[in-house]
Amino acid sequence: MAQKPSIPKGTRDFSPTEVAKRNYIFFTIKQVFETYGFQPIETPSFENSSTLMGKYGEEGDRLIFKILNSGDYLKKVDEALLVSKNSLQTTSKISEKALRYDLTVPFARYVVQHQNDIVFPFKRYQMQPVWRADRPQKGRFREFYQCDADVVGSKSLWQEVEFVQLYDAVFSKLKLIGTTIKLNNRKILSGIAEIIGEKDKLIDFTIALDKLDKIGEEGVAKEMLAKGISENAIKKVKPLFSFKGSNQEKLNQLQELLANSVEGTQGVHDLRFVVNAIENLGLQSANLELDVTLARGLNYYTGAIYEVSAPKNVKMGSIGGGGRYDDLTGIFGLKNVSGVGISFGLDRIYLVLEELNLFDQVELPKPKVLFLNLGEQEATYCMKALLKLRKHQVKSELYPDASKMKKQLNYANRRAIQFVVIVGTSEMENKKFTLKNMQSGEQQTCNLQELVDITTSL
RNA sequence: GUGAUUGUAGCUCAGCUGGUUAGAGCGCCGGAUUGUGGUUCCGGAGGUCGCCGGUUCGAAACCGGUCUUUCACCCCA
């Protein structure tokens with residue numbers, strides 16, 4: 001046997017069953033997106049490197065798949081540069097394109113490029129694969145789908161409320177009960193950093209804080225100290241580590257803590273607006289939880305921050321996330337366009353639904369009727385009947401080869417096909433069909449019209 | 001990028017401290033049974049033991065490298 005073929009690390013093939021299940025999730029999300037007034041767009045799989053590089057931080061740049069230039073790409077590279085073995089600089093010379101890393105940056109590019117044709121506020125959704133040169137592990141792949149919905153051109157907090165509802169609507173529809181939508185606001189984080197006098201260390205501070213539930217109080221304190229945050233400052237944030245109570249209670253505590261910070265106070269106000277609205281309107285199956293430790297790595301969030309975690313009995317990283325970015329299009333030259341958006345991680349949602357056996361209602365596309373093939377004349381006779389059945393939307397097929405009946409019936413069994421039609425010389429003479437129910441084993445003789453009636457009604 | 005882990009037939013896996021021709025179950029193909037399946041019985045095909053190198057009289061097994069799988073960290077969906 002030849003060398004077994006393989007696919008690259010972190011990529012997957014999908015079987016008919018898996019595709020059916022994935023489509024079910026796609027379809028559900030798409031439906032909710034459209035119900036909420038979002039319109040679909042698509043962008044290319046790869047972008048100019050300059051569009052992507054530098055937008056996701058140092059870590060992100062490392063994870064971007066670069067596409068080698070075509071042609072004799074080394075020819076133009078300076079000899080000294082090659083000898084220097086400087087990967088970073090050489091890469092920019094031999095690669096000018098890169099695979100999409102997420103859907104938000106390409107969207108920002110899209111908005112700037114098509115700003116004259118877009119009606120603002122622009123609500124778009126996008127469900128496409130993205131690629132990351134990550135080491136794969138549980139729920140982490142190198143090719144995966146994101147399903148994003150974003151609104152640009154509005155600072156309204158109502159949008160932030162709607163995204164919470166949208167999350168709730170999708171997961172409820174998928175029967176995924178008990179998800180937690182975590183909510184925070186970047187202004188709160190800035191406010192805290194300001195209050196403790198470490199405003200310039202905001203990023204380090206938030207990254208450390210984000211790890212609270214993973215490495216605990218001690219770990220966070222240690223990491224903050226390592227990043228140069230003063231002991232005094234850490235003492236001041238300590239109360240946040242054991243932040244308990246209802247969302248309203250947390251808001252009240254925050255308000256007090258951040259009273260001397262203009263930005264922090266604004267953050268509390270924004271959060272309170274969303275929390276109050278949701279409490280007023282209600283959620284179907286999700287929980288809304290204020291979480292001040294929620295930071296998320298992406299540098300461009302400026303307001304609301306969302307993250308969705310699966311029901312508590314499932315061990316899985318976040319299945320969705322998002323937030324507000326006041327100036328994302330700014331890097332592409334369009335100022336003062338605020339955007340807020342969320343993302344669903346299709347592949348992780350799939351894993352969660354699979355683990356909880358929530359795919360039971362997903363039907364595999366399969367034929368309902370199989371015509372056995374007993375010879376050339378019989379097949380011709382069957383093909384005529386097939387034409388009519390298919391006209392009536394009955395999923396049906398003819399076994400392609402005149403194989404043994406045992407083999408053909410076995411095929412029907414394997415594919416769990418409900419009906420088999422048997423046509424031999426006697427049926428042809430009488431212009432009839434023998435219809436066999438594969439579950440009960442019962443058979444009946446019928447004419448073409450009856451065949452259509454029976455198979456369309458059952 | 002760091003640290004572990006995995007790889008034997010199409011699939012799931014056995015294979016002892018290195019020792020004849022590497023096994024099982026399931027699946028596949030054929031027959032019992034030329035127009036009636038899921039059961040049963042019989043037979044058959046299918047493996048450079050991930051790849052490359054090393055140690056050895058001898059390697060699926062030991063050593064090194066590499067790729068792959070899975071997992072944790074980092075980061076993230």
Side-chain angles (χ1 to χ4, degrees), chain A residues 1-12 15 25 29 56-64 87 100-104 127-148 167 203 206-208 210-211 214-215 219 223 294-299 306-310 315-323 341-352 370 372-375 378 399 402-428 433-443:
Chain A
M1 192 178 54
Q3 177 84 33
K4 250 189 242 176
S6 61
I7 53 173
K9 164 200 311 199
T11 65
R12 296 149 300 153
S15 68
I25 303 174
I29 295 175
Y56 308 102
E58 207 179 305
E59 178 79 8
D61 281 357
R62 195 176 55 103
L63 297 178
I64 291 174
S87 298
R100 183 166 59 210
Y101 177 87
D102 72 355
L103 300 177
T104 309
M127 310 203 292
Q128 291 189 277
V130 301
W131 295 269
R132 295 184 188 178
D134 226 343
R135 282 255 198 119
Q137 57 180 279
K138 187 173 185 186
R140 170 181 291 184
F141 309 98
R142 296 172 91 171
E143 177 183 62
F144 62 98
Y145 271 79
Q146 288 192 332
C147 308
D148 278 30
Y167 267 136
I203 300 278
T206 52
I207 288 176
D210 191 37
K211 292 179 190 162
K214 223 171 207 171
I215 59 179
E223 176 154 342
L294 178 61
R296 300 178 52 76
L298 291 176
N299 314 343
Y306 304 100
E307 184 169 291
V308 185
S309 49
K315 203 172 165 245
M316 178 64 66
S318 63
I319 55 178
I342 58 169
S343 176
F344 290 84
L346 176 104
D347 304 79
R348 285 186 179 176
I349 293 172
Y350 181 101
L351 291 172
V352 172
L370 174 73
L372 297 196
N373 185 338
L374 300 183
E378 289 88 341
Y399 194 86
S403 310
K404 280 198 187 140
M405 195 177 257
K406 176 177 168 127
K407 191 172 173 178
Q408 300 192 37
L409 287 170
N410 239 325
Y411 171 83
N413 278 332
R414 291 293 301 273
R415 295 197 61 193
I417 296 171
Q418 199 177 352
F419 293 107
V420 155
V421 172
I422 303 166
V423 170
T425 37
S426 65
E427 280 92 349
M428 286 198 289
F433 299 86
T434 298
L435 180 65
K436 182 182 174 78
N437 183 323
M438 290 300 281
Q439 274 139 41
S440 64
E442 283 165 21
Q443 288 186 195

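Below, read A as the first sequence line, B as the second, and so on, with proteins coming before strands; counting in each chain starts at 1.
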Inset, instruction - On RNA chain B, check which nucleotide each of A:Glu223 and A:Leu409 is closest to and give me the residue with the more 5' one. - result: A:Leu409

Inset, instruction - Could you check A:Gly424 against A:Gly321 and say which one's nearest nucleotide on RNA chain B is further toward the 5' end? - result: A:Gly424

Inset, instruction - Can you check whether any acceptor in the base of B:C75 is under 3.5 Å from a donor in the side chain of A:Arg132, or vice versa? - result: no

For atom [atom1], what is the distance between [N] and [M], given to the nearest Å?
{"N": "B:U69", "M": "B:C76", "atom1": "P", "answer": "23 Å"}
{"N": "B:C28", "M": "B:U21", "atom1": "P", "answer": "33 Å"}
{"N": "B:C74", "M": "B:C67", "atom1": "C1'", "answer": "23 Å"}
{"N": "B:U6", "M": "B:G23", "atom1": "P", "answer": "25 Å"}
{"N": "B:A14", "M": "B:G25", "atom1": "P", "answer": "16 Å"}
{"N": "B:U8", "M": "B:U48", "atom1": "P", "answer": "12 Å"}
{"N": "B:G46", "M": "B:G27", "atom1": "C1'", "answer": "12 Å"}
{"N": "B:U5", "M": "B:A72", "atom1": "C1'", "answer": "11 Å"}

Consider the side chain of [X], meaning its heavy atoms from C-beta on, and name the nucleotide among [options] that approaches it most closely.
{"X": "A:Asn410", "options": "B:C75, B:G38, B:G35", "value": "B:G38"}
{"X": "A:Arg62", "options": "B:G37, B:G1, B:U36", "value": "B:G1"}
{"X": "A:Met405", "options": "B:U69, B:U36, B:C74", "value": "B:U36"}
{"X": "A:Arg140", "options": "B:A72, B:C75, B:G35", "value": "B:C75"}
{"X": "A:Lys211", "options": "B:C74, B:A72, B:C76", "value": "B:C74"}
{"X": "A:Lys406", "options": "B:C73, B:G37, B:C76", "value": "B:G37"}
{"X": "A:Arg135", "options": "B:G3, B:C76, B:G37", "value": "B:G3"}

[X] [atom1] to [N] [atom2]: how many Å, rounded?
{"X": "A:Phe344", "N": "B:C76", "atom1": "CZ", "atom2": "P", "answer": "20 Å"}
{"X": "A:Leu374", "N": "B:G37", "atom1": "CG", "atom2": "P", "answer": "13 Å"}
{"X": "A:Asp102", "N": "B:C76", "atom1": "CG", "atom2": "P", "answer": "12 Å"}
{"X": "A:Asp134", "N": "B:U70", "atom1": "CG", "atom2": "P", "answer": "14 Å"}
{"X": "A:Leu370", "N": "B:G38", "atom1": "CG", "atom2": "C1'", "answer": "15 Å"}

Legend entry - Residue among A:Glu378, A:Gln408, A:Met405 satisfying side chain to side chain contact (heavy atoms under 4.5 Å, CB included) with A:Asn373: A:Gln408

Applying a 4.0 Å non-hydrogen cut-off, can you work out what [X] is touching in the nucleic acid: base, sugar-phosphate, or nothing?
{"X": "A:Gly375", "result": "nothing"}
{"X": "A:Phe141", "result": "base"}
{"X": "A:Glu307", "result": "nothing"}
{"X": "A:Ile319", "result": "sugar-phosphate"}

OP1 or OP2 of [N] less than 4.0 angstrom from a side-chain nitrogen or oxygen of [X], does that happen here?
{"X": "A:Lys404", "N": "B:A32", "answer": "no"}
{"X": "A:Lys9", "N": "B:U68", "answer": "yes"}
{"X": "A:Gln137", "N": "B:U70", "answer": "no"}
{"X": "A:Lys407", "N": "B:C28", "answer": "no"}

Inset, instruction - May I ask you to decide if the ring planes of A:Tyr399 and A:Tyr411 are parallel, tilted or perpendicular, using 30° and 60° as cut-offs? - result: perpendicular

Output yes when a side-chain donor or acceptor of [X] lies under 3.5 Å from a complementary backbone atom of [Y], and no otherwise.
{"X": "A:Glu143", "Y": "A:Arg12", "result": "no"}
{"X": "A:Asp347", "Y": "A:Arg140", "result": "no"}
{"X": "A:Arg132", "Y": "A:Phe141", "result": "no"}

Looking at every non-hydrogen atom in both residues, tell me the closest pair between [X] and [Y] and how far apart they are.
{"X": "A:Ala402", "Y": "A:Leu374", "result": "CB-C, 4.4 Å"}
{"X": "A:Pro136", "Y": "A:Arg142", "result": "CD-CD, 4.4 Å"}
{"X": "A:Lys436", "Y": "A:Ile422", "result": "CD-CD1, 4.4 Å"}

Inset, instruction - Could you check which residues of residues 433-443 of chain A get a heavy atom under 4.0 Å from RNA chain B? Sort them by number, please. - result: A:Lys436, A:Met438, A:Gly441, A:Gln443

Legend entry - Check: A:Tyr167 ring centroid to A:Phe344 ring centroid under 6.0 Å: yes

Legend entry - A:Phe144 over B:A77, stacked by centroid distance under 5.5 Å, angle under 30°: yes

Legend entry - Listed partners of A:Phe144 passing ring-ring contact (aromatic ring centres under 6.0 Å, His included), at least two apart: none

Legend entry - Distance (rounded to the nearest 0.5 Å) between A:Arg62 CZ and A:Ile64 CD1: 11.5 Å

Legend entry - Pair assignment for RNA chain B - dot-bracket with | for other-strand partners, Watson-Crick or G-U under 3.5 Å: ((((..(..((((.....[...)))).(((((.......))))).....(((((..]....))))))..))))....

